[in-house]
Amino acid sequence: MGPDGRCAACGAYQQPAAAAPAGYGYPPPPPAPMGLPVGGVDLRRGVRIAVMVLLSVCVLVALLHVAATGQQRSAVEDVISGGFMAMDREKINDADDFARSMTILQMLSMLVTGVLWVIWFRRMRLNAEVFAPGTHRFGSGWAVGAWITPVVNLWFPKQMANDIYRASSPAGPQSAPKGLLNAWWTVWLASMVVGGIGTTLYQSANSEIHASVGSDPGDALDKLSSSLAVSGLSELLSAAAAVLALLVVRQLSGMQEQRAMGGMPPMAPGMAPGMPYGAPAPAQGWAPAMPPAMPPMQPGGPVPPPYGAPYGPPPSAPPPQNPFGSGPAGY
């Protein structure tokens with residue numbers, strides 16, 4: 001074809017094939033919904049990191065408290081074996097001072113950790129409400145009140161955590177991995193029960209020692225040694241519970257991030273991609289509507305106009321061809 005649009009062999013004007021418009025004049029289909037509705041989900045990591053750091057501090061302090069309790073028990077055993085005449089008062093005073101300082105430090109660390117823990121737990125509860133609205137047994141206010149209300153704080157927080165886990169599971173509520181959660185709650189309750197027993201035994205032993213002034217306090221000292229052993233076991237359980245709590249924070253936060261950022265909602269049977277989540281399933285045999293097909297092109301014939309364009313020659317069309325000549329009419 002020459003520069004003027006004529007064929008070099010026959011002299012006829014040639015028209016370039018017009019490309020069909022994308023979509024045949026129809027707008028592109030809406031994209032499929034990616035993930036669950038996540039508006040309002042708080043995925044900030046500041047509080048979570050602070051809670052994990054403070055739980056690590058609680059583990060360290062609990063282990064130091066175990067060492068302090070061991071020193072106290074060692075001093076009591078020396079008194080039991082050698083009598084009051086062989087008692088090392090300096091060793092006893094040092095052990096008591098160490099245990100007292102660890103008790104204060106543990107109370108402070110647990111207080112600060114508890115405040116941030118409640119803040120983090122309430123955030124998880126609010127996120128879970130976005131994932132599964134109306135499926136929780138307790139309101140978001142109980143995310144704080146359940147921990148500080150006597151008696152019910154023995155099971156309300158666990159029930160709320162179960163609901164949060166079910167709502168946050170990316171694989172569905174029946175696939176929520178609650179083994180770690182159950183282990184943490186069991187160990188934490190055990191540490192409180194054992195700690196209460198140790199405190200009761202310690203107070204009883206101290207009362208008997210003060211009441212046995214002038215007599216042999218052997219039985220009271222044995223009870224005091226036993227109470228310190230129970231208290232040491234309680235501190236070990238507290239350290240284990242803090243480790244499990246740290247893992248729970250990491251697991252639950254990761255589940256909510258995965259649910260919010262990458263979870264696709266389960267598609268109902270018969271639902272086609274691109275339909276809005278929650279829309280009713282189409283009838284059997286349904287197929288998405290397609291635009292009408294372009295008319296077939298005849299070999300050597302003119303290119304049909306795009307879909308929707310009016311038929312007829314374009315405004316600047318070349319002159320009609322002479323069917324009896326080798327070139328255009330009037331050439």
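Quick note: numbers below take in every heavy atom, side chains included, and nothing from hydrogens, waters or symmetry partners. Keep in mind that what you see is a predicted model, and the values were worked out from it rather than measured.
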> Is any side-chain heavy atom of Glu257 less than 4.5 Å from a side-chain heavy atom of Arg45?
yes
> Roughly how far, to the nearest 0.5 Å, is CG of Leu224 from CG of Leu228?
5.0 Å
> Treat each ILVMFWY residue as a node, draw an edge where side-chain heavy atoms are under 4.5 Å apart, and state whether Met102 and Met107 are in one component.
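No, it is not one cluster - the side chains of Met102 and Met107 are not joined through contacts under 4.5 Å.
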> Passes side chain to side chain contact (heavy atoms under 4.5 Å, CB included), Ile92 versus Val79? Steps please.
CA-CA 10 Å; Ile92 294 176; Val79 175; 4.0 Å; yes
> Are side-chain heavy atoms of Met160 and Arg125 found at a separation under 4.5 Å?
yes
> Flag the pair Trp142 / Trp155 as yes when their ring centroid distance falls below 6.0 Å, and as no otherwise.
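Between Trp155 and Trp142, which both carry aromatic rings, the centre distance is not below 6.0 Å.
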> Can you confirm whether Gln251 sits close enough to Leu181 that some side-chain heavy atom of one is under 4.5 Å from a side-chain heavy atom of the other?
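Contact flag for Gln251/Leu181 side chains = no.
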> So, Ser191 side chain and Ser234 main chain: donor-acceptor pair closer than 3.5 Å or not?
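Checked: no pair found.
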> Mind checking whether Arg250 and Arg48 have side chains closer than 4.5 Å, heavy atoms only?
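No, too far: nothing below the 4.5 Å cut-off.
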> Glu235 versus Leu64: any side-chain heavy-atom pair under 4.5 Å?
no
> For the pair Trp120 and Trp117, name the ring-plane relationship: parallel under 30°, tilted 30 to 60°, perpendicular over 60°.
tilted
> Answer yes or no: is there a donor N or O on one side and an acceptor on the other, between the side chain of Asn153 and the main chain of Ile148, under 3.5 Å?
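Not a single qualifying donor-acceptor pair exists.
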> Kindly compute the distance separating NZ (Lys158) from CG (Leu189), expressed to the nearest 0.5 Å.
9.5 Å
> Can you tell me how far the CG atom of Asp78 sits from the CG atom of Leu221, to the nearest 0.5 Å?
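Output value for this atom pair is 11.5 Å.
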> Among side-chain atoms of Ser140 and Glu129, is any donor-acceptor pair under 3.5 angstrom?
no
> Quick check: closest heavy atoms across Ala240 and Val187, and the distance to 0.1 Å?
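Scanning both residues, the minimum pair turns out to be CB-CG1, 4.1 Å.
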> Please determine, by modelled atom types, if Arg259 and Ser168 share a side-chain donor-acceptor pair under 3.5 angstrom.
no
> Hey, what do you get for OG (Ser225) to OH (Tyr202), rounding to the nearest 0.5 Å?
12.0 Å
> Measure centre to centre between the rings of Phe156 and Trp147, then say whether the value is under 6.0 Å.
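When the ring centroids of Phe156 and Trp147 are compared, they turn out to be at least 6.0 Å apart.
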> Supply the atom-to-atom distance Leu252 CG to Arg123 CZ, rounded to the nearest 0.5 angstrom.
12.5 Å
> Let's go through Asp222 and Ile80 carefully: what are the C-alpha distance in whole Å and the side-chain angles of both, what is the deciding distance for side chain to side chain contact (heavy atoms under 4.5 Å, CB included) to 0.1 Å, and is it a yes or a no?
CA-CA 8 Å; Asp222 290 336; Ile80 293 175; 3.4 Å; yes
> Give a yes or no on this: more than 12 heavy atoms of other residues, nucleotides or ligands lie within 6.0 Å of atom CE of Met110.
no
> Looking at NZ of Lys223 and CD1 of Ile209, how far apart are the two atoms once the value is rounded to the nearest 0.5 Å?
10.0 Å
> Is there a donor-acceptor pair closer than 3.5 Å between any side-chain N or O of Ser56 and the backbone N or O of Met52?
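It does hold such a pair.
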> At their closest point, which heavy atom of Val47 faces which heavy atom of Leu116, and how far apart are they?
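For Val47 and Leu116, the tightest heavy-atom pair comes out as CG1-O, 3.9 Å.
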> Hey, quick one: are Val248 and Val118 part of the same hydrophobic cluster, counting side-chain heavy atoms closer than 4.5 Å, chains of contacts allowed?
yes
> To check you understand the geometry: which heavy-atom pair defines the closest contact between Ala220 and Ala205, and what is its length?
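Scanning both residues, the minimum pair turns out to be O-CB, 3.7 Å.
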> Look at Asp94 together with Lys91 and state whether they make a salt bridge at an N to O cut-off of under 4.0 Å.
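The answer is no: the pair does not qualify as a salt bridge.
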> Please check this pair: side chain of Asp163 against backbone of Phe138, looking for a donor-acceptor N/O pair closer than 3.5 Å.
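The answer is no, because no donor-acceptor pair under 3.5 Å joins these two groups.
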> Hey, does the side chain of Ser101 reach the backbone of Phe98 with a donor-acceptor pair shorter than 3.5 angstrom?
yes
> Any donor-acceptor pair under 3.5 Å linking the side chain of Ser169 with the backbone of Tyr165?
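No.
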> Any donor and acceptor pair, going by atom type alone, linking the side chain of Thr149 with main-chain N or O of Val152 inside 3.5 Å?
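Not at all, since once roles are kept as given, no pair shorter than 3.5 Å links the two residues.
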> Same cluster or not: Ile49 versus Val112, using hydrophobic residues (I, L, V, M, F, W, Y) connected whenever any side-chain heavy atoms lie under 4.5 Å apart?
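No: no chain of side-chain contacts under 4.5 Å links Ile49 to Val112.
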> Which atom names give the shortest non-hydrogen contact between Thr135 and Ala132, and what distance separates them?
OG1-O, 2.8 Å
> If hydrophobic clusters are built by linking Ile, Leu, Val, Met, Phe, Trp and Tyr wherever their side-chain heavy atoms come under 4.5 Å apart, do Leu236 and Ile197 end up in the same one?
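No, because Leu236 and Ile197 fall into different hydrophobic clusters, even though each may have its own neighbours under 4.5 Å.
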> Which of these, Asp96, Thr103, Asp97, sits in a side chain to side chain donor-acceptor pair (under 3.5 Å) with Arg100?
Asp97
> Walk me through it: do Trp188 and Leu237 pass the test side chain to side chain contact (heavy atoms under 4.5 Å, CB included)?
CA-CA 7 Å; Trp188 184 66; Leu237 291 174; over 6 Å; no
> Has His65 got a side-chain atom pairing as donor or acceptor with Val61's backbone, closer than 3.5 angstrom?
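It does not hold such a pair.
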> Do you know the tightest heavy-atom contact between Val57 and Ser109?
CG1-CB, 4.5 Å
> Determine, step by step, whether Trp184 and Leu247 satisfy the side chain to side chain contact (heavy atoms under 4.5 Å, CB included) criterion, reporting the C-alpha distance in whole Å, the side-chain angles of both residues, the deciding distance to 0.1 Å, and the verdict.
CA-CA 9 Å; Trp184 160 68; Leu247 296 177; over 6 Å; no
> Ignoring hydrogens and geometry, is there a side-chain-to-backbone donor-acceptor pair from Gln256 to Met124 under 3.5 Å?
yes
> For a quick test of reading the model, state the closest non-hydrogen atom pair linking Thr113 to Cys58 and the distance between them.
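So the two residues come closest at OG1-SG, 3.4 Å.
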> Spell out, yes or no, whether Val144 and Val115 are grouped together once hydrophobic residues are joined by side-chain heavy atoms under 4.5 Å, including indirect joins.
yes
> Does Arg137 reach the main-chain N or O of Gln159 with its side chain, forming a donor-acceptor pair under 3.5 Å?
yes
> Any side-chain heavy-atom pair from Leu244 and Leu180 closer than 4.5 angstrom?
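Of all side-chain heavy-atom pairs linking Leu180 with Leu244, at least one is under 4.5 Å.
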